[in-house]
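Quick note on labels: first sequence line is chain A, next is B, and so on, each numbered from 1.
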Amino acid sequence: MHVVTRFAPSPTGFLHIGGARTALFCWLFAKHHGGNFLLRVEDTDRARSTPESIETILDGMKWLGLDWDNKDYKGRNYYSQYEQRERHAEVAKQMVANGTAYYCYASTQELEVMRAEQKAKGLPQRYDGRWRDRPAADAPKDIPPVIRLKAPQTGETIVNDAVMGKITVQNSQLDDMVLLRADGTPTYMLAVVVDDHDMGITHVIRGDDHMTNTFRQVQIYKAMGWDIPTFAHLPMILGPDGAKLSKRHGAPAVGDYRDRGYLPEAVNNYLLRLCWAHGDDEIIPQNKAIEWFDLSGVGKSPARFDFAKLNSVNAHYIKEKPDEELARLVVPFIVAFLGRHLTPDEVDLLTKAMPDLKPRAQTLVEIAEMSRFYFHSGAFTFDDKSLKILTPDAKAHLKELTARMENLEHFTSEALEEIFRAYAEEKGLKLGAIAQPLRVAISGSTVSPPIFHVAALLGMHETLKRVHEII
RNA sequence: GUCCCCUUCGUCUAGAGGCCUAGGACAUUACCCUUUCACGGUAGUAACACGGGUUCGAAUCCCGUAGGGGACGCCA
């Protein structure tokens with residue numbers, strides 16, 4: 001069987017991190033089975049859909065590397081639901097013709113009254129089928145009707161969900177939903193089913209907020225006599241506090257993670273491990289993810305988002321990434337901090353510093369922050385801890401050491417360490433007593449990568465310049 | 001309110017009736033390494049929501065209870 005999955009966001013905002021997880025699972029499932037992964041933009045809500053939002057979502061998908069296969073659709077690089085509206089309307093009319101749907105002339109106000117009454121009586125709020133069996137002759141001429149599904153009123157509808165298992169609902173719980181609005185546009189329920197059918201979707205993988213919609217959609221498939229795809233509903237991703245993940249939790253959009261210096265491979269790996277596991281494996285590279293991913297491994301319970309764990313996964317992928325590539329990724333963040341561009345020499349220095357920077361950072365932003373001092377010019381402003389290190393004694397030692405450093409033939413970290421160790425031994429000092437002042441002098445802080453590495457990278461001229469600045 | 005789903009360390013999870021004295025990862029604590037901070041290494045604290053069954057035996061199967069989530073639009 002040739003597998004076809006799809007990701008179907010509505011372009012009313014950014015790409016939500018939960019949506020990204022859904023997209024990832026769809027993508028992995030398609031790749032695992034050698035099938036296709038399609039992108040459909042659900043833009044039938046003309047008031048809320050925006051082109052900017054579509055761009056943002058596409059960007060997010062690209063950043064995560066979730067490539068879709070329908071890049072050439074009527075001049076667009078995605079499938080637009082809105083463009084299929086004629087087809088949706090046609091299907092709705094077909095259903096009226098075959099007796100599985102009917103025109104309903106109840107006004108919005110009339111329905112509001114109906115729901116209010118139901119609520120007041122403590123009854124479930126459902127359309128009562130008032131136009132279900134009325135003859136066409138009753139139809140008022142001046143009210144444009146909607147088309148409603150003539151849903152079965154007895155028996156039950158069963159969904160065999162690949163994640164949730166067999167789920168049954170009594171048909172008496174479901175009402176006759178609207179398929180086509182009075183203005184002739186399709187509702188989500190209709191559009192989804194028609195598009196999934198037309199696109200040949202074999203596996204509908206989506207968030208479990210759609211679970212109860214599935215029963216109604218199955219009824220549409222049945223009314224049209226279409227094959228029902230396999231459904232798989234993924235549990236929600238919740239915020240750290242167990243509430244629905246939202247702006248309040250800080251980073252709901254995929255773009256937020258890019259801006260905060262997370263690597264897409266880390267985000268993917270982290271997202272994959274939410275509600276899914278492969279034994280004790282934690283770090284799962286993409287090729288393994290494709291090889292191992294299956295729907296049966298997806299858990300049923302919602303998961304909370306944990307930034308600490310994401311950080312640790314990100315730290316792992318940072319350590320794995322080649323220095324040059326990492327430097328290239330960090331440069332924009334440094335540029336943002338410095339407010340100026342880096343010279344090729346500076347980028348080269350950053351690349352050479354990367355082995356010392358990598359193990360100390362969890363995000364690209366952290367690398368940028370801790371590497372700023374390399375590109376610093378002028379005097380540092382020291383904090384209290386640093387000032388405490390720069391005692392008159394320490395300055396005196398540094399002055400003596402300056403002379404020795406100047407005489408160095410090769411300004412390497414090994415050579416520097418050698419003269420510092422020799423000096424410490426001569427004076428009966430601990431290495432830290434002179435290494436820390438050097439650190440403060442040339443890095444501007446008490447915390448930095450190994451200080452002799454730093455000095456060697458800065459070079460003799462810059463190192464001595466910075467030392468002179470403080471003595 | 002009605003319907004649907006879920007419940008293993010703080011968090012993500014392993015677990016398919018005996019392999020469980022419940023494993024791993026993150027977080028956390030201590031120690032080692034060490035010129036700072038990290039990385040790395042070693043050790044530790046920490047969970048089967050509760051109550052009933054079924055069974056020789058239950059984290060695992062069944063039934064309740066509690067808690068959580070979701071859906072009930074001419075939104076998607």
Side-chain angles (χ1 to χ4, degrees), chain A residues 8-12 42-45 47-49 81 104 106-108 111-112 115 118-119 121-127 144-148 159 161 164-165 167-170 172-175 177-183 185-189 191-192 207-216 233 235-236 238 240 242-244 270 273-283 299-313 315 319 356-362 370 385 389 417 420-421 424 430-436 438-440 443 445-452:
Chain A
S10 52
T12 56
E42 309 220 319
D43 49 359
T44 51
D45 186 341
R48 295 199 299 151
S49 299
Q81 188 160 68
C104 166
S107 69
T108 313
L111 294 175
E112 268 170 31
R115 288 196 195 95
Q118 288 169 338
K119 195 172 184 181
K121 288 181 194 161
L123 295 168
Q125 293 169 49
R126 289 197 277 265
Y127 175 70
V146 300
I147 293 179
R148 285 183 183 273
V159 174
D161 192 278
M164 297 297 174
I167 299 169
T168 306
V169 74
Q170 297 304 310
S172 58
Q173 296 295 327
L174 274 18
D175 64 4
M177 72 189 131
V178 173
L179 299 173
L180 202 67
R181 298 186 190 108
D183 65 1
T185 62
T187 60
Y188 162 78
M189 258 348 146
V192 166
D208 80 357
D209 46 337
H210 288 287
M211 188 67 236
T212 48
N213 289 334
T214 309
F215 302 113
R216 317 176 95 97
H233 288 92
M236 302 267 90
L238 308 175
K244 201 169 181 175
Y270 177 71
R273 285 287 292 102
L274 247 30
C275 304
W276 185 85
H278 182 265
D280 285 340
D281 294 301
E282 296 287 347
I283 296 299
K300 296 182 180 185
S301 51
R304 296 184 189 206
F305 199 94
D306 181 13
F307 281 95
K309 182 127 182 182
L310 205 215
N311 284 342
S312 107
V313 174
K319 280 179 216 124
D356 285 336
L357 263 15
K358 279 203 283 200
R360 292 173 166 73
Q362 294 193 310
M370 73 175 80
K385 273 188 184 170
I389 299 285
E417 180 160 355
F420 269 69
R421 283 197 187 278
K430 285 189 171 179
L431 187 53
I434 48 177
Q436 275 303 85
L438 177 68
R439 184 186 313 283
V440 170
S443 80
S445 150
T446 53
V447 176
S448 82
I451 202 58
F452 302 122

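A donor and an acceptor atom, one from each side chain of A:T185 and A:R181, are located under 3.5 Å apart. No donor-acceptor contact under 3.5 angstrom links the side chains of A:Q118 and A:R115, judged on distance only.
Both distances falling under 3.5 Å, in either a Watson-Crick or a G-U wobble arrangement, occur for no nucleotide opposite B:A59. Applying the Watson-Crick and G-U wobble criteria (two distances, each under 3.5 Å), B:C33 pairs with nothing in any strand. With a cut-off of 3.5 Å on both pairing distances, B:G17 has no Watson-Crick or G-U wobble partner at all. Checking B:C72 for Watson-Crick or G-U wobble geometry (two distances, each under 3.5 Å) identifies B:G1 as its partner. Base pairing of B:A47: no nucleotide in any strand meets the Watson-Crick or G-U wobble criterion (both distances under 3.5 Å). Partner assigned to B:A22 is none, using Watson-Crick or G-U wobble distances below 3.5 angstrom. Figure legend. B:C39 is base-paired to no nucleotide; pairs are counted as Watson-Crick or G-U wobble with both atom distances under 3.5 Å.
When the P atom of B:U28 is taken as reference, atom CG of A:N311 falls 11 Å away, rounded to whole Å. Put simply, CG on A:L174 is 15 Å from C1' on B:G73, counting in whole angstrom units. B:C75 atom C1' lies 14 Å from atom CZ of A:R216, rounded to whole Å. Atom CD in A:E282 sits roughly 12 Å away from atom C1' in B:U11 (whole-Å rounding). Remark: C1' of B:C72 and CG of A:L111 are 14 Å apart, rounded to the nearest angstrom. Between A:E417 atom CD and B:U36 atom C1' there is a gap of 13 Å when expressed in whole angstrom units. In this structure, A:K309 atom NZ and B:G24 atom P are separated by 13 Å, rounded to whole Å. B:A76 atom P lies 9 Å from atom OH of A:Y188, rounded to whole Å.
Comparing the same atom, P, in B:U11 and in B:C5 gives a spacing of 24 Å after rounding to whole Å. Between B:A47 and B:A22, the distance separating the two P atoms is 10 Å to the nearest Å. Atom C1' of B:C9 sits at a distance of 12 Å from the matching atom of B:G24, rounded to the whole Å. Taking atom C1' on both nucleotides, B:C50 is separated from B:U8 by 15 Å, rounded to a whole Å. For the P atom pair drawn from B:U60 and B:A14, the interatomic distance equals 16 Å after rounding to whole Å. B:C37 and B:C31 have their P atoms separated by 13 Å, with the value rounded to a whole Å. A gap of 13 Å separates the P atoms of B:U65 and B:U2, to the nearest Å. Comparing the P positions of B:C20 and B:G15 gives an interatomic distance of 14 Å, to the nearest angstrom.
Counting any heavy atom pair closer than 4.0 Å across all strands shown, A:R48 reaches a base atom. Using a 4.0 Å heavy-atom distance criterion, A:K430 is classed as making no nucleic acid contact. Heavy atoms of A:F452 sit under 4.0 angstrom from at least one base atom. At the heavy-atom level, A:P449 lies under 4.0 Å from base atoms of the strands shown. Within 4.0 Å (heavy atoms only), A:T44 reaches sugar-phosphate atoms of the nucleic acid but no base atom. Across all strands shown, A:V146 has heavy atoms under 4.0 Å from base atoms, whether or not it also approaches the sugar-phosphate. Note on A:H210: a base of the nucleic acid sits closer than 4.0 angstrom, heavy atoms only. Contacts of A:T168 with the nucleic acid, taken as non-hydrogen atoms under 4.0 Å apart, involve only primed sugar atoms and P, OP1 or OP2. At a threshold of 4.0 angstrom between heavy atoms, the contacts of A:C275 are confined to the sugar-phosphate backbone, with no base atom among them. Across all strands shown, A:E42 has heavy atoms under 4.0 Å from sugar-phosphate atoms exclusively, and none from any base. Note on A:R304: only backbone sugar-phosphate atoms sit closer than 4.0 angstrom, heavy atoms only; bases stay farther off. Using a 4.0 Å heavy-atom criterion, one finds that A:T212 contacts the bases of the nucleic acid, with or without backbone contacts as well. Heavy atoms of A:A277 sit under 4.0 angstrom from primed sugar atoms or phosphate atoms, though from no base atom. In this structure, A:K119 reaches neither bases nor backbone, as no heavy-atom distance under 4.0 Å exists between it and the strands shown.
For the pair A:P450 and A:N213, nearest-nucleotide mapping onto RNA chain B gives the more 5' position to A:P450. For the pair A:W276 and A:I167, nearest-nucleotide mapping onto RNA chain B gives the more 5' position to A:I167.
Residue A:S312 places no side-chain N or O under 4.0 Å from the OP1 or OP2 atom of B:A25. Regarding contacts with the backbone of B:G24, every side-chain N or O of A:R273 stays at 4.0 angstrom or more from both OP1 and OP2. Between A:R126 and B:U2 there is no side-chain polar atom (N or O) within less than 4.0 angstrom of OP1 or OP2.
Of the residues A:Q81, A:E42, A:H210, the one that meets the side-chain hydrogen bond (donor to acceptor under 3.5 Å, both in side chains) test with A:Y188 is A:H210.
Using a distance-only test at 3.5 Å, with no hydrogens or angles considered, a donor-acceptor pair links the side chain of A:T187 to the main chain of A:L179.
For A:D45, the side-chain atoms get nearest to B:A76 when compared with the rest of B:A27, B:C74, B:A76.
Side-chain to base pairing of A:R360 with B:C37: one donor and one acceptor N or O lie within less than 3.5 Å of each other.
B:C72 takes the anti form, because its glycosidic angle lies more than 90° either side of 0.
Between A:P240 and A:R304, the closest side-chain pair of non-hydrogen atoms is not below 4.5 Å.
For A:K385, the NZ atom counts as loosely surrounded, since its 6.0 Å shell holds 12 or fewer non-hydrogen atoms of other residues, nucleotides or ligands.
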